[in-house]
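Below: the structure, in structure tokens.
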Amino acid sequence: MTDVTPPGDPAPLLSVTDLSVGFKGHTETVTVVDHVSFSLRAGETLGIVGESGSGKTVSSLALLGLLPASARVTGSAKFDGRELVGMPPRKLRDVRGNDISVIFQEPMTSLDPAFTVGNQLSEAYRNHRGGSRRKALDRAAEMLRLVGIPEPQRRLGEYPHSFSGGMRQRVMIAMALICSPKLLIADEPTTALDVTIQSQILELLKSLQAELGMAMIFVTHDLGVVASVCDAVSVMYAGQVIEESPIDEFFSHPLHPYSAGLLDSMPQSVAKGERLRMIAGTVPPPSRFPVGCRFHPRCKYVVEACTTTPPELDSVEGDRKVRCIRHAELTLEVAK
Ligand SMILES: Nc1ncnc2c1ncn2[C@@H]1O[C@H](COP(=O)(O)OP(=O)(O)O)[C@@H](O)[C@H]1O
Ligand code: SF4
Ligand SMILES: [Mg+2]
């Protein structure tokens, strides 16, 4: 488990253990997330990184009980002393509104075009905290101010379509934070934005996190984002965690060939947010995960044993973990 806090500190805020998700198909259940474990403490930020299709979003949605009925979720996710896996939907809804919030890549999927921003923000607040409409609208204006939207009182009366992409993402952040959650799950929150707006939103999230003391799970395919906001990183490949590490060690010497490939694919000249694109091949679909190490068809260090033996997630160097049978003998160089 990724765990960046020294021993003796209080229990983790979130502790995910062996979380698996399968989807029922016509003939069989396909496992798309396979025994994923990680943990984080109050105020910390964990990056979950990996190419598209590796299971990052499904893992986050599983924590929040937001997967379709065809999903089978097993394992454990203990949040603040409560088990989220198997929690009745009504209780989970309470946790989602009050304690854990989520923001997604595309704000228009979460904002209703038919209602004003003020209406949506204030209802999000009242649904969970109650109180008068007036008080909720004041809170909504305060949140818009906090996320850097000029003239918040006036903008409360406007509809989502009159906000630019960057401003809509700020509204989404205001909506996610209006009930002061202990944990924010941000799933590629800046991917759809241009580079300048993207870095503004990242700065905003970092400063809000410091101000509000919340923990954050940052889901992204972009290691530049991980470097700028995270304390620790969990790398996912084909439904599994393949490396976990505190952030500095990860960037100075990755332990898994896939991590090294990701780092190699982010030369300093590449703008933040550009797609990872230099590891040959793609993540296989869950119905065709390779036997042995799932990364072996793309790995330049592959040996015979990799094609038959599924590697365990081994603990190394204190609080790091890696899933590669050759990790002890490989020294991975990353171009600087
Ligand atoms: N509702 C679903 N039914 C079946 N398969 C799904 C469903 N949602 C996602 N998947 C599959 O799960 C895998 C992981 O998807 P996802 O978590 O969205 O990846 P990521 O967020 O890392 O890009 C993908 O192969 C995707 O096709
Ligand atoms: S187990 Fe083998 S194929 Fe997999 S990452 Fe390690 S060296 Fe590469
Ligand atoms: Mg995703």
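Whatever order the structure lists them in is the order used to number ligands and atoms, beginning at 1.
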Against ligand 2, does K300 come closer than 4.0 Å with any heavy atom? no
With under 30° as parallel and over 60° as perpendicular, where do the rings of Y159 and H161 fit, or are they tilted in between? parallel
Nearest protein heavy atom with distance in Å, relative to atom 1 (S) of ligand 2: I325 N, 3.5 Å
Do me a favour and list the nearest non-hydrogen protein atom to atom 8 (Fe) of ligand 2 with residue, atom name and distance? C299 SG, 2.3 Å
What residue and heavy atom of the protein are closest to atom 19 (O) of ligand 1, and at what distance? G55 N, 3.3 Å
Identify the residue among P257, P290, P311 that makes a side-chain contact (heavy atoms from CB on, under 4.5 Å) with H296. P290
Identity and distance of the protein heavy atom lying nearest atom 4 (Fe) of ligand 2: C293 SG, 2.3 Å
Rounded distance [0.5 Å steps], CG in L111 versus CZ in R168: 8.0 Å
Check the pair E329, Y301 against side chain to side chain donor-acceptor pair (under 3.5 Å), reporting the backbone distance first and the verdict last. CA-CA 11 Å; E329 56 181 299; Y301 304 99; over 6 Å; no
With a cut-off of 4.0 Å, which atoms of ligand 1 are near a heavy atom of P68? 1 (N)
Close side-chain approach of V171 to P160, heavy-atom, < 4.5 Å: no
Please report which non-hydrogen protein atom sits nearest to atom 6 (Fe) of ligand 2, along with the residue it belongs to and the distance in Å to one decimal place. C324 SG, 2.3 Å
Is the shortest N/O to N/O distance between S59 and ligand 1 below 3.5 Å? no
Atom 9 (C) of ligand 1: nearest protein contact (heavy atom, Å): V58 CG2, 3.5 Å
Using a 4.0 Å cutoff against the non-hydrogen atoms of S52, which atoms of ligand 1 qualify? 23 (O)
Atoms of ligand 1, numbered as shown, that sit under 4.0 Å from any heavy atom of S54: 19 (O), 20 (P), 22 (O)
Testing H253, H327, E249 one by one against R320 for a side chain to side chain donor-acceptor pair (under 3.5 Å), which residue passes? H253
At under 4.0 Å between heavy atoms, what of S70 touches ligand 1? The answer is neither
Would you say L263 and F251 make side-chain contact, with heavy atoms under 4.5 Å? yes
Identity and separation of the nearest protein heavy atom to atom 1 (N) of ligand 1: F23 CE2, 3.5 Å
Counting C-beta onward and ignoring hydrogens, is there a side-chain heavy-atom pair between S52 and V283 closer than 4.5 Å? no
Of all protein heavy atoms, the one nearest atom 5 (S) of ligand 2 is H256 CE1, 3.5 Å
May I ask you to check if any N/O/S atom from T57 comes under 2.8 Å of the Mg ion (ligand 3)? yes
Assess whether a salt bridge exists between E142 and R145, defined as any Lys/Arg side-chain N lying under 4.0 Å from an Asp/Glu carboxylate O. no
Look only at the side chain of E83 and the backbone of V85, and say whether a donor-acceptor pair between them is shorter than 3.5 Å. yes
Heteroatom N/O/S of C306 within less than 2.8 Å of atom 6 (Fe) of ligand 2: no
Mode of V32 contact toward ligand 1 - side chain, backbone, both, neither (heavy atoms, under 4.0 Å): side chain
Can you check which of T57, V283, L61, D187 brings a heavy atom nearest to atom 18 (O) of ligand 1? T57
So, do L205 and L184 sit near enough that their side-chain heavy atoms are less than 4.5 Å apart? yes
Regarding ligand 1, does P286 bring an N or O atom to under 3.5 Å of one of the ligand's N or O atoms? no
Does ligand 1 have an atom under 4.0 Å from some heavy atom of G53? yes
Going by heavy atoms in the side chains, are R294 and D34 under 4.5 Å from each other? yes
